[in-house]
Amino acid sequence: MATKAIYRGVFPVAPTVFDGNGELDLEGQKRCTDFMIDAGSQGMCILANWSEQFVLTDDERERVMDCVLAHVAGRLPVIVTTTHFGSQVCAERSRRAEAAGAAMVMVMPPYHGATIRASERGIYDFFRRVSDAVSIPIMIQDAPVAGTPLSVPLLARMAREIPNVAYFKVEVAQVANKLRALIAEGGDAIVGPWNGEEGITLMADLDAGCTGAMTGAGYPDGIRQIMDPFAAGDREAAVAAYQRWLPLINYENRQCGLSAAKVLMQEGGVIRSGMTRHPVLPLHPATRAGLIEVARRTDPLVLRWSR
């Protein structure tokens, strides 16, 4: 039996690129993809929350997925987010993603609105059904947006008992503590303990055993400057890089949200429009200017990629 690839490193979330009218810009999506590869992404994720997946129709999801996977053409692994409340729908989305060439699917636990949740038994069976539909790894996204507590014992049990559940993107409070506990309880079944939240807790999470970072797409080169030396055993260099890039990471995480990558890409000429789809509003001009100012201090590739 062939050994499955183990994914580590910097896997940013690609934005979904729109034109000035809010329609899909697939040529811009391709340029975004090329930039992300040139900037050192070791993989990428599409159709996630930071991709505005919640404003896309099912047909648009398919078009973006097919466009990106065809354009990447195996240059790096692509994780496709297939989150849906319905087990059958999520399983079918995941099946289609694998057939199109996805290396992994990322899925949040089932939730709807502020109050509709599945029981722990329902969550377990949900991920079992998704696993039965695919042969590629599943990343469970443990994020506050789902409002669903996922205990370490439940996550570790799913990793041990459900064949394709192996990766965990943890974004809840005190990520490092949860990652450390998950690794201790799940052992070898925890193939990929990852973090998110634009990398704002990255250094603590790396110390806890984190092996992958799913950040925003604006500056993968900056995140690599933290991750690479840490992986090579040079923690001091990683800490120095983290301190250097933290103001930009913080500005994205606390001030800009999912608009940050698009603004940086538009400013650098990677994409023509930084449009977010309504009702997501553009950044305030002062916030936009602040983001560009902070970014210029670190000289990320995004601001000079197309120059």
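Note that the structure is predicted; figures quoted are calculated from it, not measured. Residue numbers start at 1 and run along the sequence shown.
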Are Ile183 and Phe168 close enough that some pair of their side-chain heavy atoms sits under 4.5 Å apart?
no

Taking the side chain as every heavy atom from C-beta outward, state whether Glu60 and Thr16 have any pair of such atoms under 4.5 Å apart.
no

Could you tell me whether Phe11 and Trp194 have their ring centroids closer than 6.0 angstrom?
yes

Do Pro220 and Pro12 touch side chain to side chain, with heavy atoms closer than 4.5 Å?
yes

Just verifying a value: how many Å separate Ser135 OG and Lys4 NZ, rounded to the nearest 0.5 Å?
6.5 Å

Side-chain heavy-atom pair Thr287, Tyr251 within 4.5 angstrom cut-off:
yes

Looking at Tyr124, is Arg157 sitting on its ring face, NZ or CZ under 6.0 Å from the six-membered ring centre and within 45 degrees of the normal?
yes

Would the number of heavy atoms belonging to other residues, nucleotides or ligands and lying under 6.0 Å from CZ of Arg304 be above 12?
yes

Would you give the length of the straight line joining atom CD of Glu171 to atom CD of Gln141, rounded to the nearest 0.5 angstrom?
5.0 Å

Would you check, one step at a time, whether the test salt bridge (Lys or Arg N to Asp or Glu O under 4.0 Å) holds for Glu62 with Arg96?
CA-CA 9 Å; Glu62 295 286 318; Arg96 290 174 69 87; 2.9 Å; yes

Distance-only donor-acceptor check, side chains Thr276 and Ser259, under 3.5 Å:
no

Applying the side chain to side chain contact (heavy atoms under 4.5 Å, CB included) test to Phe18, which of Glu23, Arg272, Lys262 qualifies?
Lys262

Would a distance-only check, ignoring hydrogens and angles, find a side-chain to backbone donor-acceptor pair under 3.5 Å from Asp19 to Asp25?
no

Nearest-0.5 Å distance that lies between atom CD1 in Ile123 and atom OG1 in Thr148:
5.5 Å

In the hydrophobic clustering that connects Ile, Leu, Val, Met, Phe, Trp and Tyr at side-chain heavy-atom distances below 4.5 Å, which members other than Met108 occupy its cluster, ordered by chain and number?
Tyr111, Val145

With a sphere of 6.0 Å drawn around CG of Asp188, does it hold more than 12 non-hydrogen atoms of other residues, nucleotides or ligands?
no

Any pair counted as side chain to side chain donor-acceptor pair (under 3.5 Å), so long as it reaches residues 211-220, sequence neighbours left out
Tyr219-Glu252

If only atom types and distance count, is the side chain of Ser41 paired as donor or acceptor with the main-chain N or O of Ile37 below 3.5 Å?
no

Using a strict cut-off of less than 4.0 Å between a Lys/Arg side-chain nitrogen and an Asp/Glu carboxylate oxygen, indicate whether Arg296 and Glu267 qualify as a salt bridge.
yes

Other residues, nucleotides and ligands only: do more than 12 of their heavy atoms fall within 6.0 Å of CZ on Arg297?
no

Full working for salt bridge (Lys or Arg N to Asp or Glu O under 4.0 Å) between Asp34 and Arg75
CA-CA 10 Å; Asp34 289 336; Arg75 288 180 284 171; 3.0 Å; yes

Do Gln225 and Tyr242 have side-chain atoms, one donor and one acceptor, less than 3.5 Å apart?
no

Looking at CG of Asp207 and CG of Leu202, how far apart are the two atoms once the value is rounded to the nearest 0.5 Å?
9.5 Å

In this structure, CG of Leu76 is separated from CD of Gln42 (nearest 0.5 Å) by 9.5 Å

Could you tell me whether Arg128 atom CZ has more than 12 heavy atoms of other residues or ligands within 6.0 Å of it?
yes

Separation of Ser51 OG from Met44 CE (nearest 0.5 Å)
10.5 Å

Linking I/L/V/M/F/W/Y whenever any side-chain heavy atoms sit under 4.5 Å apart, do Val172 and Val107 land together?
yes

Answer yes or no: are there more than 12 heavy-atom neighbours, outside Glu120 itself, under 6.0 Å from its atom CD?
no

Taking Asn164 for the side chain and Val134 for the main chain, is one N or O donor matched with an acceptor at less than 3.5 Å?
yes

